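Read the structure below first, then the notes.
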Amino acid sequence: MIDYLKTLRQEVINRIPAFGEITFSFEYPPNPAFGDLSIAACFDMAKRQKRKPREVALEMAALLQGLPMVRKVDIAGGGYINFHLDRPAFLRYLLTHEKSIARQADEKIIVEHTNINPNKAAHVGHLRNAVLGDTLVRLLRHQGYEVEAQNYIDDTGVQVADVVCAFQQIRKMTIEEVKAIPDPFDYYCWDLYADFSGRLAADSALQALREQTLQLIEHGGNPTSELAHLIATRIVTAHLATMRRLGVRYNLLAWEGDILHRRFWTTLFSLLKEKNAIQLATEGKNAGCWIMELPDLPEAEKVIVRSSGVVTYVGKDIAYQMWKFGLLGLDFHYAPWGHDDEGRIIWTTAREPHDDHPPFGRASRVYNVIDVRQSYLQKVVSKGLLALGFTSACENSIHFSYEMVALTQQCARELGYDLSHEDEGRPFVEVSGRKGLGVKADDLLNALERQAHSEVAGRNPQFDESVLRDIARSVAGGALRYFMLKFGRSKVLAFDFREALNFDGETGPYLQYSAVRARNIFSKLREREGVDASVISEIIQDAGSYEYLNEATDIWELILTAAKVDEIAALSIVSLELSLFAKHSYTLAQKFNAFYHKHAILHETDQSKKRLRLLAAHYLSSTMQTALNLMGIELPTRM
RNA sequence: GCGCCCGUAGCUCAAUUGGAUAGAGCGACAGACUUCGAAUCUGUAGGCUGGGAGUUCGAGCCUCUCCGGGCGCACCA
């Protein structure tokens, strides 16, 4: 439909050149009886000409007769122009038109997401990030862009140092002993990290040891950094296994240690000094540090290099961001890490060169999926690019920000956390790895799978255990992914088990169920009547199949809803509001269910009705499958 | 203190970015399986869109102001 609207828009401007100056777009009338499309441009035009909107609309509507696939143009309300489409012609167009989503020329996009510190298990907050990021990747690819999904791994930061220090100082364990800890290793570290963080605040000797640990890790080539590497690798393996359960895919794991090792930072440091983008502070609280001045941000200066000479995270991140745009003149080494759920290689940055790898980086646009609390730092990164004169890279660095995930009071109580007096007075409780406070991603997925398993088994006692498990996995994933997508990104997600484990109403399983039913119509058709795909394509080609659509207004509305899917996908990307896409997919499923309930298809005896309903079901089924796929929600074999 | 975000039905959220009668789900109540699958469908109840002022053909959305809440403003990331 998005292609058709482009053509129609151009045709309208050809007829009425004045509309070219007004930024008008097609809207959808609230009441379908008004028409299928509408434009409100006459209100603007009337204002310019100091006339009545309705008068202008009447005049303009007269110029818009005989547009392609438009049956009638009329006016309504204060000055809307409404378009009524030629239903049979339009549905035929939808079913026969080649998807013309062309590859966007030379534009490569990088989406960085997940980015979990490799020192503990993933929790619900990380799931929101990964699902948003992975869905954005899928939507962009659907639009024809070349997209590289990257997962940044901060293996040399304080958080890993905490766990390393905890193993060495608290647990007194050797690297061999750590290696021997059984899975789930990420769960083990979750508790250890919380334990260590609790002790750290009150123990200055421990703080000093942790500082030493950090320096050893950054320096590399010693037993401590080896232990850090072991821990980070085991944790990343666990994170990727968790994400794989949800169909989240990556092309590249970018390790911070490699940014240091490949001298990205030292190169950037010289460049920053050369361009006077940073200054050595000689007085004040930041004396001895290299700082970046940020006159229009709340904190007027940001430390890039500490007085100890150690670079901060922001410094490394500016280097990484520059590399993404191909502006650093340096590259990583790469090696294969593993495979995603579709069997494609996941690459990792590496210490040693590897013979044959695809090109990475050199994007023209970059999305960083990071929660809203890091807005300030993301601004510093893009200001850094600007200070170096990379205007275009700065403009094309997009912070995809979203609000944090918290726990409802009730959820925190169910998990048995002792809340501080302060926390008890709040509307929700912030998830904190440091405090060990949160719902672990795998625990949540396990709970969803258990629930889905019992629902499926209850309905289908004849299924084998292996089938049950596969369906349960797929339903659990669908429930979780939809749950993470349905909320607007600027809304704090207060997590609650009752809501997340619900499979009725506006949920992933509802969408899956609808799509499964739609598909089953065609398998039943094959079984009972021997009708296969070739018969469907005959019906599509036959103009007579569409005639009944003029009377079937409810089916027509259903088809229009489906036709909007690609346009909503584009809108979701522009606004970064992926909930738009989720909601629209839900509306589609809802309308399909109503249609399914109201009209018989296989049992319909009137052939013209039956043919049209088959066409509608066919179009709906394929559109719902596309929509699910874009959200990373699997279509279960049965439910 | 400065900056950003949120406030819509009992609860959780929408509202085509300034458009036509503010919509969904959950929960509640009343119905529908001998049928292409009831994880479904149909109906009922539920609203001064936090308060006030302004902008205009038109405001849940924009401006100002007040109220309530959240998050930032490290030589952590």
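Note that the structure is predicted; figures quoted are calculated from it, not measured. Reminder, nothing fancy here: chain letters follow the sequence lines and each chain counts from 1.
- Judged as a side chain to side chain donor-acceptor pair (under 3.5 Å), and not counting sequence neighbours, the contacts of K316(A) are E256(A).
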Could you pull out every donor-acceptor pair under 3.5 Å between side chains of residues 424-431 of chain A and any protein atom, sequence neighbours left out?
unit_1: E430(A); atom_1: OE2; unit_2: R373(A); atom_2: NH1; d: 2.4

Report all interatomic pairs (protein N or O, nucleotide N or O of nucleotides 14-18 of chain B) with separations under 3.5 Å.
unit_1: A14(B); atom_1: OP1; unit_2: G488(A); atom_2: N; d: 2.7
unit_1: A14(B); atom_1: OP2; unit_2: K491(A); atom_2: NZ; d: 2.6
unit_1: U16(B); atom_1: N3; unit_2: Y28(A); atom_2: O; d: 3.4

Please produce a list of atom pairs where a protein N or O lies less than 3.5 Å from an N or O of nucleotides 69-71 of chain B.
unit_1: C71(B); atom_1: OP1; unit_2: R426(A); atom_2: NH1; d: 3.2
unit_1: C71(B); atom_1: OP1; unit_2: E430(A); atom_2: OE1; d: 3.4

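- Listed by first and then second residue, the side chain to side chain donor-acceptor pair (under 3.5 Å) pairs involving residues 519-528 of chain A amount to none (not counting sequence neighbours).
- In this structure, the side chain to side chain donor-acceptor pair (under 3.5 Å) partners of E455(A), at least two apart in sequence or on a different chain, are R459(A).
- Salt bridge E499(A)/K486(A): absent, no basic N to carboxylate O contact under 4.0 Å.
- Evaluation of the salt bridge (charged side-chain N to carboxylate O under 4.0 Å, His left out) test over residues 28-39 of chain A, restricted to residues two or more places apart or in two chains, returns none.
- With sequence neighbours excluded, the residues satisfying side chain to side chain donor-acceptor pair (under 3.5 Å) with D162(A) are R210(A).
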N/O contacts under 3.5 Å, protein versus nucleotides 27-29 of chain B?
none

Original post:
Where each pair must be Watson-Crick or G-U wobble with both distances under 3.5 Å, what dot-bracket representation of RNA chain B is obtained, with crossing pairs in [ ] and other-strand partners as |?
Top reply: (((((((..((((.....[...)))).(((((.......))))).....(((((..]....))))))))))))....

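- A straight line from NZ of K591(A) to P of U42(B) spans 12 Å, rounded to a whole angstrom.
- For the salt bridge (charged side-chain N to carboxylate O under 4.0 Å, His left out) condition, the pairs that include at least one residue of residues 596-607 of chain A, sequence neighbours left out, are D554(A)-K598(A), E604(A)-R613(A).
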Donor-acceptor pairs are to be reported for all side-chain atoms of residues 567-580 of chain A against protein atoms at under 3.5 Å, with residues two or more places apart or in another chain.
unit_1: E567(A); atom_1: OE1; unit_2: Y28(A); atom_2: OH; d: 2.3
unit_1: S572(A); atom_1: OG; unit_2: I568(A); atom_2: O; d: 2.9
unit_1: S572(A); atom_1: OG; unit_2: F581(A); atom_2: N; d: 3.3
unit_1: S575(A); atom_1: OG; unit_2: L571(A); atom_2: O; d: 2.8
unit_1: S575(A); atom_1: OG; unit_2: E577(A); atom_2: N; d: 3.3
unit_1: E577(A); atom_1: OE2; unit_2: R489(A); atom_2: N; d: 2.8

